[in-house]
Every structure is written in C-alpha cells, then in structure tokens.
S.K.: 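My questions will all concern the structure given below.
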Amino acid sequence: MSTWRPVLAALILTSLLTPPASAQVASFGDEDQPLEILADQGIEWRRDERLYIARGNAVATQGDVSVRADLLRARYSGAGDSGDITQIEAVGNVRITSPDAQVFGQRGTYDVPRDVMRMTGEGLRLESAEDVVTAEDSLEYRPSERLAIARGRAQVERFDRAAGTSNLLRADVLEATFAEGGQALEVVDATDNVEVLTPCEYVAADRGRYLVAEQLATMEGNVRITRGSNQLNGEQAVVNLETGISRLTGGRVSGLLVPDSRTEATNDECR
C-alpha cells in the first residue's frame, strides 16, 4: 500500500465534513477546527450508511483532542456526502488525549453532540498530571465538562514519589472533576462502599468527597477509621491524607483502642 493513501483519505474526509461557515459543527475538540482522520490501512467510505471506517492505528483529531484505536467508525448526519459527525466508535487499544488527561480502554463510543466518551473493556484508566483513575465496569470522559465518571470498583490513586507511598480512594462510583485550565483533578465525589487507604489508616463510609489540592477527604455515613489495632466509629469524618490525621465529627462516636506496642509504633510513625 502506498504511503500517500492515509494522508489523501484524511484530506478528503476533512474537506467533506467541514460545513459552511454558518453551520454549527458537532465536535469533540476545537469546533473551529476540521476533523482529521488518519489510518495506516486506509479509510472506507460507505455513503449510503453515512459511515467512515478507518483501520490500522487510526487517529481522529480535532484541535487539541484526539481519539486513537485499532479501528474507528465515524458516523455523520445530513443528506448527501457531507454533514456533522454524530458518533465515533473506537475498538482496540483505545486512547483519548486532551489537555487535561489521557484515557485508556479497549472499546469506546463517543457521542459527539453530548461530548461524552464511554469506555469499556479491560485496562480502563485515566491519567492526569498527578493522579490515576481506574475502573472495572466503565469510564466516562466528558472533556467540555472537565468530568470523568468511573464505575465498578473505581479508584483514584495519588503517588508521593518522594516518600515512595500512595493514597487511594475507592468506591463503586467516582465522579472526578478537573481544575479549570489545568491538568490536575480538583474534586472527586465517591458513592457506595467508599474506602480511603493511606500508609497509616483505613477509612470506610457510605459516601465521600475528596478535595484533591487540599488532600482532604470528607466521609459520611457509617464511618469506620482503622489504624493498626485501633478502630473509631461515627457518622462523619475528615481525613487529612497529607498529615495522616483523621477527625470524627457529628454525633456520638465509639471506638476500640488496643494499647499494644505495635499499634503505638505505627501511630508514632504516621503522626
């Protein structure tokens, strides 16, 4: 296969899917930019189905957002040979790249008008500047809302490279919001079977909110804090992941304190 075919196909696709200046473009990147698709094994155009199929290291790019996969299917609306892209299906080694993060999975469906990419399959992962979000069931990414939703034993992990440790927030559902104009997570809301794991403590609750920059996790509902052999129970708690200090608040608090030498040593190291 000649080397010009993928480039020519991309140029043809770009010209066909660039509407008149007065039309509104459904897009996943900069809506003022044309959508470009490249593929090592060429692009198939099915006019009757209003469908393009790109195979072999296929990449769809618009502005500063791109979708890469083994295979891409781009569906468009409108009559004739031009229209707005409405859906992009990505299959095999999928990777979405934006200024905020990179998202990885095995299969993805991008709803262009809603600006929602839903990823499924093994190896679901979102990487931002300092944090890694993973999930087992699905991972939704909404670039225009700066939002990621992870479902199924979802977790967000922040590494302290200097200390060689990490803090982990885990739940059935995590909603992670990015800071405006940056590549860092700002807030993570956790729902159902919420757990926080630090080098010093284990905290469980029904729900929680993690303020990433402040390194504070607010936990609510059946809160249990375990450090060594000690356990405290309550309805609300604030966990400082940077200092390792947890504070139970709101209502009656109960606890089990075991003053053995191992527990005291662990607590001293974590203060």
Side-chain angles (χ1 to χ4, degrees), residues 6-7 9-10 13-14 17 25-31 33-46 49-77 84-157 173-178 183 185 188:
V7 177
L13 183 58
T14 299
L17 297 178
V25 185
S27 62
F28 64 85
D30 184 348
E31 65 180 20
Q33 303 270 347
L35 172 67
E36 295 182 340
I37 297 182
L38 295 170
D40 290 347
Q41 298 175 19
I43 299 175
E44 178 183 352
W45 182 11
R46 300 183 181 180
E49 299 178 48
R50 299 189 182 92
L51 173 67
Y52 289 91
I53 302 176
R55 294 183 173 88
N57 192 30
V59 185
T61 303
Q62 188 168 46
D64 53 10
V65 179
S66 66
V67 180
R68 181 185 301 269
D70 295 340
L71 181 146
L72 291 176
R73 299 186 186 96
R75 301 182 183 275
Y76 64 95
S77 63
D84 295 343
I85 292 291
T86 58
Q87 185 184 75
I88 296 176
E89 299 175 18
V91 180
N93 299 306
V94 182
R95 184 176 73 199
I96 308 169
T97 302
S98 77
D100 293 324
Q102 289 193 92
V103 185
F104 302 85
Q106 284 303 310
R107 181 178 293 270
T109 301
Y110 184 67
D111 186 324
V112 178
R114 293 177 57 219
D115 193 25
V116 176
M117 169 66 84
R118 186 175 186 272
M119 306 278 279
T120 58
E122 296 182 354
L124 296 174
R125 187 172 82 259
L126 180 149
E127 297 180 356
S128 65
E130 298 182 82
D131 305 282
V132 177
V133 179
T134 60
E136 292 186 357
D137 293 345
S138 67
L139 183 57
E140 273 185 23
Y141 181 45
R142 305 179 182 181
S144 61
E145 298 179 46
R146 308 192 314 277
L147 178 67
I149 303 175
R151 293 183 172 90
R153 199 165 175 80
Q155 65 182 39
V156 56
E157 187 168 12
V173 180
L174 293 177
E175 294 191 10
T177 304
F178 294 92
Q183 295 183 336
L185 292 180
V188 180

S.K.: Identify which one of N57, T97, T61 satisfies the side-chain hydrogen bond (donor to acceptor under 3.5 Å, both in side chains) criterion when paired with R68.
M.R.: N57
S.K.: Measure the CD1-CD1 distance between I96 and I88 for me, rounded to the nearest 0.5 Å.
M.R.: 9.5 Å
S.K.: Rounded to the nearest 0.5 Å, what separates atom CG in D131 from atom CZ in F178?
M.R.: 9.0 Å
S.K.: Does R142, at its CZ atom, have more than 12 non-hydrogen atoms belonging to other residues, nucleotides or ligands within less than 6.0 Å?
M.R.: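 Yes, enclosed.
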S.K.: Should R73 and V91 count as side-chain neighbours, where that means a heavy-atom distance under 4.5 Å?
M.R.: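 Yes. Closest side-chain heavy atoms under 4.5 Å.
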S.K.: Among V173, T120, L139, which residue satisfies the side-chain contact (heavy atoms from CB on, under 4.5 Å) criterion with R151?
M.R.: V173
S.K.: Decide, yes or no, whether a salt bridge links R75 with E89 under the criterion of side-chain N to carboxylate O below 4.0 Å.
M.R.: yes
S.K.: What are the two closest non-hydrogen atoms of V112 and Q87, and how far apart are they?
M.R.: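 Minimum heavy-atom separation between V112 and Q87: CG2-N, 3.9 Å.
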S.K.: What is the minimum heavy-atom distance between Q106 and E122, and which atoms define it?
M.R.: CG-O, 3.6 Å
S.K.: If you take all heavy atoms of L124 and G105, which pair is closest and at what distance?
M.R.: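 So the two residues come closest at CD2-CA, 4.0 Å.
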S.K.: Taking C-beta and beyond as the side chain, do Y110 and D115 meet within less than 4.5 Å on heavy atoms?
M.R.: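 The answer is yes, as the side chains (C-beta and beyond) meet within the 4.5 Å cut-off.
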S.K.: Hey, could you give me the CD1/CD1 distance between I53 and I37, rounded to the nearest 0.5 Å?
M.R.: 11.0 Å
S.K.: Closest approach of S98 and V65, non-hydrogen atoms and distance?
M.R.: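 Where S98 meets V65 most closely, the heavy atoms are CB-CG2, 4.1 Å.
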S.K.: Could you tell me which non-hydrogen atom of A60 sits nearest to which non-hydrogen atom of L72, and how far apart they are?
M.R.: N-CD1, 3.6 Å
S.K.: To the nearest 0.5 Å, what is the distance between CE on M117 and CG on D111?
M.R.: 10.0 Å
S.K.: Tell me whether the rings of Y52 and W45 are parallel (<30°), tilted (30 to 60°) or perpendicular (>60°).
M.R.: parallel
S.K.: Quick check: closest heavy atoms across G152 and D137, and the distance to 0.1 Å?
M.R.: CA-OD2, 3.3 Å
S.K.: I need the R114 CZ to T86 OG1 distance, nearest 0.5 Å.
M.R.: 13.0 Å
S.K.: With rounding to the nearest 0.5 Å, note down the distance linking CD in Q62 to CD in E36.
M.R.: 9.5 Å
S.K.: What's the verdict on side-chain contact (heavy atoms from CB on, under 4.5 Å) for L185 and V133, showing C-alpha distance, side-chain angles and the deciding distance?
M.R.: CA-CA 10 Å; L185 292 180; V133 179; 4.0 Å; yes
